[in-house]
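Working notes for the structure below.
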Amino acid sequence: MNTTKRTLKISNTLSGKKEVFTPLHEGFVGMYVCGPTVYNNVHLGNCRTFTSFDIIYRYLLHLGYRVRYVRNITDVGHLTDDGEDRMAQGARINKIEPMEVAQKYTLDFHDMMRTLNNLPPSIEPRATGHILEQIEMVQRILERGYAYERNGSVYFNTRKFAQENPGVYGRLSGRVLDELMAESRSNLKSQDEKDHPADFALWMKARPGDLMVWKSPWSVGFPGWHLECSAMSTKYLGQTFDIHGGGGDLKFPHHENEVAQNHGACGCAPARYWIHTNMLQLNGAKMSKSEGNYITPEQLFSGDSPLLSKAYSPMVLRYYFLQAHYASVLDMTDEGLLAAEKAYRKMMEVNKILQQLPADTTVYDGSESEHDRAILRHIEEAYEGMDDDFNTAIALAHLNELSSYVHKIANQQIPLNDVSPWVIERLKATFRAFLFDIFGLKDETESANGSDLVEGLMALILDIRANARAQKDWATSDKIRDALAALGIAVKDGKEGATWTRI
RNA sequence: GGUAUCGUGGCCGAGUGGUUAGGCACAGGUCUGCAAAACCUGCUACAGCGGUUCGAAUCCGCUCGAUACCUCCA
């Protein structure tokens with residue numbers, strides 16, 4: 001793929017519009033995505049968010065861009081309702097070091113990303129590894145007059161910033177600072193040492209008992225949650241870069257404050273395009289542990305939940321995500337997962353059939369048949385779907401249309417010589433590119449068949465059954481089929497003999 | 001309470017001022033010893049009520065419902 005040949009459009013949540021994507025430096029893309037806070041096992045909603053960005057990353061790569069994809073690990077500064085650091089809370093409860101908590105759940109997160117076949121980012125910086133950069137950024141913001149120190153803590157002066165930089169604060173989230181003030185007066189909380197409710201912490205002075213603390217010019221303490229992303233995106237992608245992404249729940253205050261910090265430190269905007277992914281619901285409502293409307297990724301993969309009729313594989317989950325646009329709320333249901341499972345398996349089967357189609361490259365005469373044109377149109381429309389704000393649902397719909405052509409060709413409902421060999425080759429390449437490179441799917445149906453030993457045994461069993469069938473010994477034939485079914489193996493009788501798959 | 005987004009056929013879900021999205025399920029058919037699988041065909045919806053328009057599911061208003069966010073924390 002050549003980047004110059006396609007026009008990519010991105011819904012930029014900063015402008016609220018769909019815009020043509022033009023990178024800062026031709027051929028290169030810098031993308032920052034807010035990663036997980038590693039204080040707990042990864043949530044299904046996180047799986048959707050990071051899979052959405054993985055597909056965006058993969059499509060940019062497919063278009064030929066050289067992408068630097070930075071996704072952080074938050075291992076300090078993200079506080080709980082009670083003002084305790086999430087890592088420290090985990091450490092206190094489990095009587096271990098905060099870094100053990102971070103390590104444990106970072107590994108868990110990486111395992112899940114691998115399971116879902118998400119590509120690793122180019123750089124995965126940790127907040128605790130960039131304390132110096134964060135302190136320097138606070139200093140710059142102080143020097144430029146947009147922050148103040150109070151009892152060893154440093155706060156961002158949101159009102160001053162908003163007054164001197166009209167149109168910046170609130171642009172991303174649609175908030176109006178005056179309204180924020182008005183709202184907060186009614187439920188003002190007394191513990192604030194900030195000048196103004198809209199101000200937020202850049203540096204927090206440690207309280208007695210805080211475990212994760214560092215020295216700074218202001219106090220022994222720790223950085224504010226919003227600061228790490230500003231400091232690390234600047235360090236690895238520059239003051240201004242192409243794309244900043246994250247879950248929609250981070251838009252305010254996290255991303256709004258990030259923008260303010262970057263402006264405050266350098267007088268310029270961080271990202272030119274902001275992408276926000278949407279939430280994952282379960283049975284029409286938000287996932288909630290306390291309401292019982294909740295499943296973990298592990299439960300999904302094991303089927304161990306009253307909300308599920310069976311286990312679903314990671315690739316079925318990925319396919320489920322692909323069926324919706326990343327910016328839409330996606331509702332997960334058992335019935336929907338069953339549908340996705342079936343559709344995913346069919347897609348993999350169709351691809352196998354397609355890749356085995358003969359291609360006689362000698363009869364190319366430069367002509368285009370009606371079928372050629374229809375196939376090429378669907379291929380183009382699949383790409384146009386991806387170009388239009390990474391619309392995987394549209395792309396998938398056209399692959400399904402193409403699947404029908406593959407079956408018709410394989411069944412000879414469409415004679416093979418009615419389709420030009422170069423179109424067949426193009427079709428094969430399109431399926432490989434979309435399924436594996438762009439969508440990031442893996443063919444689990446193939447690997448699920450198992451070892452050479454199993455393959456050999458199955459070939460033998462099916463051979464014996466074929467002999468029985470040839471002699472119309474249906475009792476033996478059905479006995480084998482039923483016994484295999486009981487073991488979770490489905491036998492499919494086709495014209496060219498029997499094949500098998502795991503159920 | 002405020003701000004924002006959304007509400008599509010049995011289910012999931014794209015899209016959109018006038019044209020079949022797609023998948024699953026379902027029904028009929030082909031194939032088959034039977035079944036399964038596979039394939040073909042069918043299934044035309046946009047929360048409710050008003051308004052704008054030659055024409056709206058798509059624009060506007062209201063109502064109801066869902067979700068997100070609401071300033072270290074929600």
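Taking only distance into account, the side chain of A/S477 meets the base of B/G33 through a donor-acceptor pair shorter than 3.5 Å. Evaluation of atom-type donor-acceptor distances gives no pair under 3.5 Å for the side chain of A/N278 against the base of B/A68. For a distance-only test at 3.5 Å, the side chain of A/R481 qualifies as a donor-acceptor partner of the base of B/C34. For a distance-only test at 3.5 Å, the side chain of A/N391 fails to qualify as a donor-acceptor partner of the base of B/G13.
Atom CG in A/D482 sits roughly 17 Å away from atom P in B/G33 (whole-Å rounding). Atom P of nucleotide B/C34 and atom CG of A/D478 are separated by 11 Å, given to the nearest angstrom. At whole-Å resolution of the value, CG in A/L282 and P in B/A66 are 16 Å apart. Between the CE atom of A/M279 and the C1' atom of B/U5 there is a distance of 12 Å, given to the nearest Å. Protein atom CD of A/Q323 is 16 Å distant from nucleotide atom P of B/C11, rounded to whole Å. A/M332 places its CE atom 18 Å from the P atom of B/C24, with the value rounded to the nearest Å. Rounded to whole Å, atom P of B/A36 lies 18 Å from atom CZ of A/R345. If you measure from atom CG of A/L396 to atom C1' of B/C24, you get 13 Å, rounded to the nearest angstrom.
Rounded to whole Å, the separation between the P atoms of B/C69 and B/A37 comes to 42 Å. Between the C1' atoms of B/U41 and B/U20, the separation comes to 14 Å (whole Å). One P atom belongs to B/G10, the other to B/C26, and the distance between them is 15 Å to the nearest Å. Taking the P atom of each, B/G7 and B/G13 are spaced 10 Å apart, rounded to whole Å. Distance check on atom P: B/C49 versus B/G42 gives 31 Å, rounded to whole Å. With both ends at atom C1', the span from B/A14 to B/G23 equals 11 Å, rounded to whole Å. Nucleotides B/U8 and B/C43 place their C1' atoms 16 Å apart, quoted to the nearest Å. Between the C1' atoms of B/G15 and B/G50, the separation comes to 26 Å (whole Å).
Sequence order on RNA chain B of the closest nucleotides to A/K286 and A/K408 puts A/K408 first from the 5' end. Taking the nucleotide of RNA chain B with the nearest heavy atom to each of A/L330 and A/D388, the more 5' of the two is matched to A/L330.
Note on A/Y155: nothing from the nucleic acid sits closer than 4.0 angstrom, heavy atoms only. Within the 4.0 angstrom heavy-atom criterion, no nucleotide atom of any strand lies near A/K472. Note on A/A393: a base of the nucleic acid sits closer than 4.0 angstrom, heavy atoms only. Among the protein residues, A/Q281 comes within range of the sugar-phosphate backbone only, with heavy atoms under 4.0 Å from sugar or phosphate atoms but none that close to a base. Among the atoms of the strands shown, none is found under 4.0 Å from any heavy atom of A/E341. Within 4.0 Å of A/L250, counting heavy atoms only, lies no atom of the nucleic acid at all. At the heavy-atom level, A/W474 lies under 4.0 Å from base atoms of the strands shown.
Listed nucleotides: B/C73, B/G10, B/C12. Nearest to the side chain of A/T333: B/C12. Each of B/G13, B/G33, B/C69 was ranked by its minimum atom distance to the side chain of A/F252; first place goes to B/C69. Closest to the side chain of A/H325, out of B/C40, B/A14, B/G13, is B/A14. If you check B/C70, B/C24, B/G13 against the side chain of A/A339, the one that comes closest is B/C24. For A/A397, counting side-chain heavy atoms from C-beta on, the closest listed nucleotide (B/C73, B/G22, B/A68) is B/G22. In this structure, of B/A37, B/C73, B/G23, it is B/A37 that holds the atom nearest to the side chain of A/K492.
In this model, the phosphate group of B/C39 is approached by a side-chain N or O of A/H407 to a distance below 4.0 Å at OP1 or OP2. Taking only side-chain nitrogens and oxygens, A/S328 never comes nearer than 4.0 Å to OP1 or OP2 of B/C6. Under 4.0 angstrom from either OP1 or OP2 of B/A25 there lies at least one side-chain N or O belonging to A/K342. An OP1 or OP2 oxygen of B/C70 is reached within less than 4.0 angstrom by no side-chain nitrogen or oxygen of A/K251.
The aromatic rings of A/W203 and A/W218 lie tilted to each other, with the angle between the two planes from 30° to 60°. Ring geometry, A/Y169 versus A/F161: the interplanar angle exceeds 60°, so the pair is classed perpendicular (tilted spans 30 to 60°).
Look at B/C46: it lacks any Watson-Crick or wobble partner with both distances under 3.5 angstrom. In this structure B/U53 sits in no base pair that meets the Watson-Crick or G-U test at under 3.5 Å. Under the Watson-Crick and G-U wobble criteria, each requiring two contacts below 3.5 Å, nucleotide B/U41 is paired to B/A27. Taking a pair to require two hydrogen-bonding distances under 3.5 Å in either a Watson-Crick or a G-U wobble arrangement, B/A4 pairs with B/U67. Across all strands shown, B/C12 is found opposite B/G22 as a Watson-Crick or G-U wobble partner, with both distances under 3.5 Å.
Ionic pairing of A/E349 and A/R345 is not present here: no N-O contact between side-chain nitrogen and carboxylate oxygen is shorter than 4.0 angstrom. The pair A/R150-A/D199 does not meet the salt-bridge criterion, since no charged nitrogen lies less than 4.0 angstrom from a carboxylate oxygen.
Inspection of the A/D334 and A/Y312 side chains reveals an N or O donor paired with an N or O acceptor under 3.5 Å. Under 3.5 Å, the side chains of A/Y294 and A/Q299 contain no donor-acceptor pair of N or O atoms. Side-chain atoms of A/D389 and A/Y326 include a donor-acceptor pair closer than 3.5 Å. Using modelled atom types and a 3.5 Å distance limit, the side chains of A/N262 and A/E258 yield no donor-acceptor pair.
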Notebook entry, point to check: Passes salt bridge (charged side-chain N to carboxylate O under 4.0 Å, His left out), A/K408 versus A/D418? Steps please.
Noted result: CA-CA 11 Å; A/K408 283 175 180 168; A/D418 270 10; over 6 Å; no
